[in-house]
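Protein chains get the first letters and strands the later ones, always in sequence-line order, with residue 1 at the start of each. For the numbers below, each heavy atom of this structure counts, side chains included, while hydrogens, waters and symmetry mates do not.
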Amino acid sequence: MIELSFKDGSIIAEGGDIIYGKYDYHLGVFRAPAFRYKEVIENLQKRGVNYIDKVSEVSEFHKRINELELWDYQKEALEAWKNASRRGVIVLPTGAGKTMIALKAIEDAGTSTLIIVPTLVLVEQWKERLEKTFKERVGIVGGGKDNVEVLTVTTYDSASLRARELGNKFNLLIFDEVHHLPAPTFKKIGEEYIALYRLGLSATVKREDGFHLLLPELVGDIVYEMHVEDLTGTHLANYTIETIYVPLKRVEREQYEKHYNAYQRFIRKRGIKMKSAKDFQRLIMRSGLDPEARRALLSRNKAMEIALNSEAKISYLKNLILENSEEKTIIFTQYNSMVYRISRDMLIPAITHQTPHEEREDILQKFSSGEYRRIVTSKVLEEGVDVPDASLAVILSGTGSSRSFIQRLGRVLRKKEKKAKLIELVSVGTIETRLSKRRKQD
Amino acid sequence: MTLPVDLLRFRRRKGIVIPLYADETKLSLAKTLISVFKDNLGKKYRDLKDSLDSCENLGYNYKLVRGLRFVLEKRCILGSKISLNPVEIRRAIFERVGNRVITSKKMRQEIFSKVSSKFGVDSLEIEDALYADLSEEQRILEFTSPEPMELLKEYNFALITGILTQSYQMELIFKGMVERPSLKLGESIVFSEGDFKKIILKMYSTKYSKSRISELEKVIAQLVLQDDWRIKAEIRQSSRNYFLEVSKEKHGRLLNSKKCYQVSQETPKLPLREKQLPDVIIVEELATSQGITEAIVRELLRRRGDFADLGNIFVSKSKLDLIIKILERQEKLTLRTVLEAFKKMKCQHPIQVLEALGYSIEWAENRGESKVYRIKR
């Protein structure tokens, strides 16, 4: 007779071996990763081995939600997930209603559910949405709160830190912005929870480091995928993307050339080929011990800073806003220092990670009601946060990341009559032109 | 104190991790950085940052400069002297702007004048207060200056604990007394080998939270204060295993600093004075929730003065008087009466309080009927 139990993110087998089990010499038992729970049970049954199962502490959750009607593509996505044994990733653009699919998935699975999100702001947002939909108390783990309920929301950080205690209490895991999961510190969430049902949500799962290839094992395959262009005009607003090339001012140009040429000289001298992000990572590693590499890297950063934050762009931005003074506008920048500079200069409300929660809510509420017509932000509004619809997004500066670009674009795409606009300002003849092309490639 | 991973300096050779300690040759850098901090006392953190950035061009490795800076920043207290509330100022400004586009200095000045008259202060004060709550705008209110060598020792300690956060198993061998590591860190076994004791610690692979880091610091700080000690750790880096060995004999003079741990204790950001605390506090729980050590919680609660120290729990003095009166008033106490009294007083953890006050419970089948009696005075 084998007795199965859950301990520290593993399935423990006393009295015999199990599939995927490794012998733990300290405890004298076999240990298998929690996410192999289903296979362990199936294998014991197949072998005809008697066992007692004390692993799972999941509970049932049966609540119907009537008022929620899905669009056709949302229904298709949900069906595809159900047909894949309730495992898999749904890829839909921002504003296409991924949360609604998740709510229906919870109703369908009828079991205790843990929703895992990247930030504390999203924890609050999900909690509110779940309580409103299911009229049920919703637990929160993280940010100083520790209250586990049949529906619980947590952050990737807390889900990882608390896997040992929470790993056997939920049978459905919903990963919001699932592209975070394969990160080395978070992938254990996928491994240390027994949940049979798993749903990943994202606008784009691809990661620069290639770790998205782990998702099929941790969550399941991509079961449904639609991109902005598939839904534009029907469920998302029509939009235009305009790139405006702004020349640097003379002094800025001189400074830019000086720093960028210093970097280029180093690269040529050492015969370094910069073909991918990995090559750049190698240069960063090298700069830890090589002072010349460090100086070259600092020169490149300085050149980049000049290109991204040029005075010329700020002058252009003022005119752009004046010309579009009737549009609800979100201005995105790469650096927080630039957010605050614009905010101070043009007296536009700013939102960054330093903005207190209540102030952020106040700004977003006033932006929604039209009391404020513009906000300036960096990266915090890119991901998941419910941002009232805007009709114009201005990218003053950004990285080459296509995910970031798609998320910023998504902020103007919620369905409305008017055509939405995304305008990016790029310093012409600088490294930034390459970044701009790269982020629009995928 | 523990350095973040991106500031760790070490070499890897033949499967061994060799930490790059800051020794006496770095005394001049230590002196320079300390003087930069002293010079910026009272100034904005942004100014300090600018001065420190330029120190990275002094010819030393930038990770070393940043690491020393990290240690020194923990000795600073930041704050603002502005009496206006920046959030309120911002709200007033942005509401006044409304949907207008501010494109000139004149338009901007008009807004500031109107808001300043509303708050009854000068426009310049409004300008100063606008983003005074940002970390870069805060001022260095206090700086506890270390001796240069002390700074290097604190840095080396932070370097070692930083590297140890990447360890999956370590052996601590010592003569003397080191507390058994908390379960937060991992599972441990303690042995005695002649005069020496050995702790084998198998670390959990979970991410290092503040409280886990604090536990690690606590263990290592105790260890380096012993008469003789050695750390043997297995480290996982870049998907490969490495070995680290640190000992009093070889590295003690660079590490053995009594202040290493005290510094961490002096810099908690927990404003217990202002916080609404429950009447009964379990020290371990509060320490875990705030990500600080139990010693810090005890110290802060003692400093408040309105809590009585009952060992592992603290009880507010006002409630403790009431509790004692209730317990002494009745001759035959049952658990039910105690629980009801605690409920009325809105006090939690009755059993722990009873135990801390020297009461024992003789459990009955019907829990409420359990007898509560005093075993010590």
Side-chain angles (χ1 to χ4, degrees), chain A residues 8-9 26-27 144-146 156-158 160-164 184-186 188 191-192 284-285 287-291 294-295 297-298 315 318-326 328-329 336-337 340 343-350 352 354-356 358-359 362-363 366 370-375, chain B residues 6-11 20 46 53 56-57 59-64 86-88 90-91 93-105 107-108 111-112 115 127 130-131 133-137 183-184 186-187 189 200 202 204-209 211-212 238-239 285 288-291:
Chain A
D8 298 342
H26 282 297
L27 298 177
K145 292 179 186 163
D146 185 7
Y156 279 89
D157 269 329
S158 296
S160 157
L161 286 167
R162 304 283 302 277
R164 286 190 175 79
T185 42
F186 295 145
K188 67 196 294 281
E191 295 164 349
E192 294 190 351
I284 294 175
M285 299 275 283
S287 74
L289 294 168
D290 178 349
R294 172 80 187 148
R295 277 196 295 278
L297 198 65
L298 288 178
S315 310
K318 283 183 185 169
N319 290 330
L320 192 67
I321 288 177
L322 208 55
E323 280 168 24
N324 294 278
S325 60
E326 295 301 310
K328 264 180 144 179
T329 306
N336 285 337
S337 56
Y340 287 114
S343 176
R344 272 180 188 283
D345 197 19
M346 299 174 72
L347 303 182
I348 295 174
T352 70
Q354 288 200 55
T355 311
E358 281 174 18
E359 188 185 8
D362 181 56
I363 293 173
K366 284 176 174 148
E371 193 175 337
Y372 296 159
R373 204 169 280 165
R374 288 161 281 276
I375 42 180
Chain B
D6 56 338
L7 295 185
L8 299 177
R9 293 181 72 231
F10 52 81
R11 284 185 200 280
L20 298 175
R46 186 181 50 199
D53 284 349
E56 287 183 24
N57 302 324
Y60 294 92
N61 181 284
Y62 79 98
K63 284 190 183 179
L64 172 67
V87 178
E88 279 175 28
R90 288 197 287 271
R91 192 183 299 125
I93 296 256
F94 299 141
E95 282 177 357
R96 175 70 61 180
V97 172
N99 284 328
R100 277 181 290 171
V101 183
I102 306 295
T103 50
S104 68
K105 279 187 180 166
M107 286 173 83
R108 195 174 178 277
I111 301 283
F112 273 85
V115 173
E127 185 86 60
L130 187 60
Y131 278 115
D133 51 345
L134 296 183
S135 56
E136 299 222 327
E137 297 292 315
L183 268 174
K184 275 184 214 155
E187 287 165 11
I189 310 168
I200 297 181
K202 203 176 167 192
Y204 294 138
S205 61
T206 39
K207 201 176 159 184
Y208 267 86
S209 61
S211 64
R212 282 194 85 205
S238 316
S239 310
E285 273 181 17
T288 310
S289 71
Q290 299 296 330

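- Across B/R11, B/E95, B/E127, B/R100, the residue that shares the most heavy-atom pairs under 4.5 angstrom with chain A is B/E95.
- There is no contact between A/N319 and chain B, counting heavy-atom distances below 4.5 Å.
- Heavy-atom distances place the side chain of A/D362, and not its backbone, under 4.5 Å from chain B.
- Looking at B/E187, only its side chain comes within 4.5 Å of chain A, counting heavy atoms on both sides.
- For A/D290, no part lies under 4.5 angstrom from a heavy atom of chain B.
- The contact between A/P349 and chain B is made by backbone and side chain atoms together, counting heavy-atom distances below 4.5 Å.
- Annotation for B/T103 and A/L322: closest pair CG2-CD1, 4.0 Å, computed over non-hydrogen atoms.
- Only the side chain of B/E56 comes within less than 4.5 Å of a heavy atom of chain A; its backbone N, CA, C and O stay farther away.
- The residue among B/L134, B/L130, B/V97, B/I189 with the most heavy atom pairs within less than 4.5 Å of chain A is B/L134.
- Neither the backbone nor the side chain of B/E88 comes within contact range of chain A; no heavy atoms are under 4.5 Å apart.
- The parts of B/S135 that come within reach of chain A are both its backbone and its side chain, each placing non-hydrogen atoms under 4.5 angstrom from that chain.
- For chain B, no part of A/I363 is nearby; none of its heavy atoms comes within less than 4.5 Å.
- A salt bridge between A/R344 and B/E137 is present, with a side-chain N of the basic residue lying under 4.0 Å from a carboxylate O of the acidic one.
- Taking the side chain as every heavy atom from C-beta outward, B/R91 and A/K366 approach each other to under 4.5 Å.
- Both the backbone and the side chain of B/N99 come within less than 4.5 Å of a heavy atom of chain A.
- Only the side chain of A/Q354 comes within contact range of chain B, with heavy atoms under 4.5 Å apart.
- With a 4.5 Å cut-off on non-hydrogen atoms, B/K105 does not touch chain A at all.
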